Protein chains: 2
Amino acid sequence: MWQCQGVSRPDAPAGAVRQGSLREWNLAVVLGRIAAADHPPSRAGLAAETGLTRATVSAVVEDLVAGRLVTEAEPTPRTGAGRPARGLVLAADGPAGLGLEVNVDYLAACVVDLAGRVRHHTVHRADLRPLTPAEALRRLVELATRARAEAAREGLTLAGAALAVPGLVDDAGLVRLAPNLGWRDVPVPALLAGHPPLTASVDGVPPLVVENEANLAALGELHAGPDGAASFLHISGEVGIGAGIVLDGSLFRGARGWSGEIGHIPLHPDGPACRCGGRGCLETYTGQEAILAAAGLAGADLPADTATTRLAELAEGGEPAVLRALHHAGSALGVAVAGVVNLLDLDTVVLGGGYAPLAAWLRPPVLTEISHRVLTAAWSPVTVRPAVLGAEAAAVGAAGSVVRRILARPAGWLTHRG
Amino acid sequence: MWQCQGVSRPDAPAGAVRQGSLREWNLAVVLGRIAAADHPPSRAGLAAETGLTRATVSAVVEDLVAGRLVTEAEPTPRTGAGRPARGLVLAADGPAGLGLEVNVDYLAACVVDLAGRVRHHTVHRADLRPLTPAEALRRLVELATRARAEAAREGLTLAGAALAVPGLVDDAGLVRLAPNLGWRDVPVPALLAGHPPLTASVDGVPPLVVENEANLAALGELHAGPDGAASFLHISGEVGIGAGIVLDGSLFRGARGWSGEIGHIPLHPDGPACRCGGRGCLETYTGQEAILAAAGLAGADLPADTATTRLAELAEGGEPAVLRALHHAGSALGVAVAGVVNLLDLDTVVLGGGYAPLAAWLRPPVLTEISHRVLTAAWSPVTVRPAVLGAEAAAVGAAGSVVRRILARPAGWLTHRG
DNA sequence: GCTATTTGTTCAGTGGTTGAATTATTTGAC
DNA sequence: GTCAAATAATTCAACCACTGAACAAATAGC
């Protein structure tokens, strides 16, 4: 991922702790509490929660309000005795994140505000495989420009952008390989060089981060889903199968950001050849094409997004071949997931992307395999649930990652804003 | 794991940052640099490294020296111009950690000082399967008492203990299941209740932490191995196969501390039944018994520790059946490891425990499978190497975890010491 | 012996938190 | 309608830990 500082809580200052770090840290702590609260907290409440004094919280909040990150909520009428609390909420007109996505059959752009609300969302459907990367990115910039204008109209300031790509991305933003897109060694930042809003670095923060689609989809799920800061595996079942691993509320990216290639976990070591060069990879059993073929829809040549809808319809109608195909796919997926759970001791598995609409049929066989194969299943059940976000998960997650960076390090934003 | 606060760098204070946190943090930063340095650093050098002023570093070091965590090294004669630096080293007579291990055919105790040196080590060989857990732990306490006396003789103060168990351990120290030991639901802390040195909690720090053997072995390898703070998978090939996952220099324990059960990753979903209830688990192909059987040594009934030695001897001698067995085992292991690397994007895999002496024969097939099955193998080679520590890895890792906790949070130790 | 150089300490200054007192704003009792 | 109780938020002197600069200490080289 290109210059990504990580997406979760403020980093442990590996080096020193200068004096100002204290305030920087407390800005992040207080802002984080405001973001995590379900009801607008008061200064006094924050003080009690954090252990800071009310004096300190007041000072910190003053900074946050001055920096347009936080505003005071409408006073709620009935509170009880005493001076009524002034609730604090994340600013609805402060900085926002721009999320972009290039995928096989669509481009997407969205804007997410500090509170995580999706304020704008456009999808441009088109088969991108015939296009050159440069042309695809040109169209993406059009979408981004429109999103930027839309954001400005709502009083939002875009603080950065993240781009989701269904492939392996380098630290330098180079897309090493995006098999389903047909991309190989595409230098995204260089190709976007002529578009200042996406390239001009502000205050050391890179304006555009390029990251794997499955990872960003997992992030989207993390912020949109029911568990605030849990650990889970988010599986994006598209043409290929990717996964994002969230551990303790933060994305685990691996040594080079290439974690989550669950589609190439060997399932039958001597099984059919996979295009990755291996044999019997999970993808050859539960990839979209494999499921369609098993369901007898191989030749239908449906667009990727309607294929899963069609499968769900047929399954709903009780079509035996489809039900059988989904059961098989679910079992295969379950075997792989059982291995992952044995390895990582996760308590939640999220079926996302194209798997989400099929979750009703995939879930039972997945659970069966887990219960048979996970050593600790007896003591601690594993939750398997469909994703909350649909196809837009990656773009929303991308935009969310920008916003989360500000929430995690508000001091950077404040000093930069003057 | 029983009340373990994690073993790596100082935690991000999730809650508040009070004023004193600053000093606490800098104590940890400076101490960490002293621990990580290969030559005793000077105060001035530390100031340059950390970005703190020399004044601050002096004050911090003064605290550390007063707390007996750091001492000034012997002045080195030739330094160059200027006032000679006074090198700082971790105290050799400060706090130390007690590491304990219960395994199938031995008990072990060791003492590791702040600098990570093993100052004492005893192994008591005996088949523990016939013993009751209480009797086994009684013998362990004997070893621990002797180790404690030995530590005192060398001027060391034991700051806590950690116990490695080949099984699944609860947050409360309950050993849920240790199949090869024949333990089930053994409440270790309760059984040790009569032994104050292992149970009297000092300053909120639990005196004894119970943790999975594979996890602690990985920690031992982390501190003893060549890469200071890398990410790797450490595989302990014993009767069962366990693994410890180290990510960015800290152990990943999973939601309940039950991560690393690599032995039960499904390899052939319809393969032979495993005692875990699943089918075709890795362990049924590369567990010690499976390898011995494949090598034609099934009936030999060797003690566990000599079995691998014997295998290595025979392989060294070119015995075809043994070479074939090891190649098969290595291939199976490689398939599983390829899945793990695809999932986690690790750059290093360590063959530990019983696999270490066999690494010469296991490594090539493992590498072959990785190169064929890991999607990113082309861009970033995966290192597969034998473990540095041998059978003592878990006990040393256990003792090391105690010491690391002090290094990570020196403030706790200092206030406790007065 | 003198100078250059580097280490470590001292000390006034400053930023940010602390704790108590004060002010502000509401509810409820008389 | 007034006052007491209760809760929220601000003010302000004190304090803690870091900063920066000046200074003392200790050595090598000339």
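Values in this document were obtained by computation on a predicted structure and should not be read as measured data. First the proteins, then the strands, lettered A, B, ... as listed; each starts at 1.
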Check this for me: does the side-chain of B:Arg83 come within 3.5 Å of the base of C:dT6 through a donor and an acceptor? no
Taking atom C1' of C:dG15 as reference, at what distance in whole Å does atom CH2 of A:Trp25 sit? 19 Å
May I have the distance from B:Asp63 (atom CG) to C:dG8 (atom P), rounded to whole angstrom? 17 Å
Rounded to whole Å, please give me the gap between CD in B:Glu72 and P in C:dG8. 8 Å
Would one find a side-chain N or O of A:Ser42 under 4.0 angstrom from OP1 or OP2 of D:dT7? no
Do A:Val402 and A:Val209 touch side chain to side chain, with heavy atoms closer than 4.5 Å? no
Is a donor-acceptor contact shorter than 3.5 angstrom present between the side chain of B:Arg54 and the base of C:dG8? yes
Nearest whole angstrom, please: distance from the P of D:dA17 to the CG of B:Leu414. 13 Å
Would you say that B:Val112 contacts B:Arg119 through its side chain, given a criterion of any heavy-atom pair below 4.5 Å between the two side chains? no
Side-chain N or O of B:Asn26 less than 4.0 angstrom from OP1 or OP2 on D:dC18? yes
Between C1' on C:dT18 and CG on B:Leu22, what's the gap in Å once rounded to a whole number? 14 Å
Looking at B:Thr56, I'd like to know whether one of its side-chain N or O atoms comes within less than 4.0 Å of OP1 or OP2 on D:dT19. yes
Closest heavy-atom pair, A:Leu114 versus A:Ala91, reported as atoms and distance to 0.1 Å, is CB-O, 3.8 Å
How long is the line joining CZ of A:Arg43 and C1' of C:dT18, in whole Å? 19 Å
Minimum heavy-atom separation for A:Gly67 and A:Trp413, please, with both atom names. O-NE1, 3.7 Å
Sugar-phosphate, base or nothing in reach of A:Ala55, heavy atoms under 4.0 Å: base
D:dC18, OP1 or OP2 - any side-chain N/O from B:Arg23 closer than 4.0 Å? yes
What is the separation between atom CD on B:Glu49 and atom P on C:dT7, rounded to the nearest whole Å? 13 Å
Nearest heavy-atom approach of B:Ala59 to B:Arg23 is CB-NH2, 3.5 Å
Residue B:Ala44, side-chain atoms from C-beta onward, closest of D:dT10, C:dG8, C:dG16: C:dG8
Verify the contact: side-chain N or O of A:Thr53 to OP1 or OP2 of C:dT17, cut-off strictly under 4.0 Å; return yes or no. no
Measure from CZ on A:Arg86 to C1' on C:dT25 and round the result to the nearest Å. 10 Å
